[in-house]
Amino acid sequence: MSFVNALDNQDRDMLRRIVKKVHFQHFDKKHGASFVTNRMLDQMIDSIGPEVAERMIKFGVDKGLR
């Protein structure tokens, strides 16, 4: 089971925005904004693992993204 499903909606949405901005920034320019789906973002979040995702959530909260 994916740990992304265990996150609350607010944290999951924030992680998706961060991952899209950092890891998929060039996809929007090349393929259009609708190319990157939430499923792709969730798979990337799962691949980085819960420890890194936890640090990313803390970073987002510290930067005022939530």
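Separation of atoms NZ (K58) and CG (D11) is listed at 13.5 Å; rounding is to 0.5 Å. In this structure, NZ in K30 is found 14.0 Å from CZ in F24, a value given to the nearest 0.5 Å.
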Verdict with reasoning, V22 to M56, per side-chain contact (heavy atoms from CB on, under 4.5 Å): CA-CA 11 Å; V22 173; M56 290 172 72; over 6 Å; no
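Shown here for I45 and I48, the closest heavy-atom pair between the two residues is O-CG1, 3.0 Å. Shown here for G60 and I18, the closest heavy-atom pair between the two residues is CA-CD1, 4.1 Å. Smallest separation of non-hydrogen atoms from I57 and M14: O-CE, 3.6 Å. Of all heavy-atom pairs spanning M40 and F35, the tightest one is SD-O, 3.6 Å.
A distance-only check finds no donor-acceptor pair linking the side chain of R16 to the backbone of R39 [under 3.5 Å].
Listed by chain and number, the residues in a salt bridge (charged side-chain N to carboxylate O under 4.0 Å, His left out) with R12 amount to none (sequence neighbours excluded).
No side-chain heavy atom of V4 sits under 4.5 Å from any side-chain heavy atom of Q43.
No single ILVMFWY cluster, assembled from side-chain heavy atoms under 4.5 Å apart, contains both V52 and F59.
The only member of D13, L15, D46, V36 that meets side-chain contact (heavy atoms from CB on, under 4.5 Å) when paired with L41 is V36.
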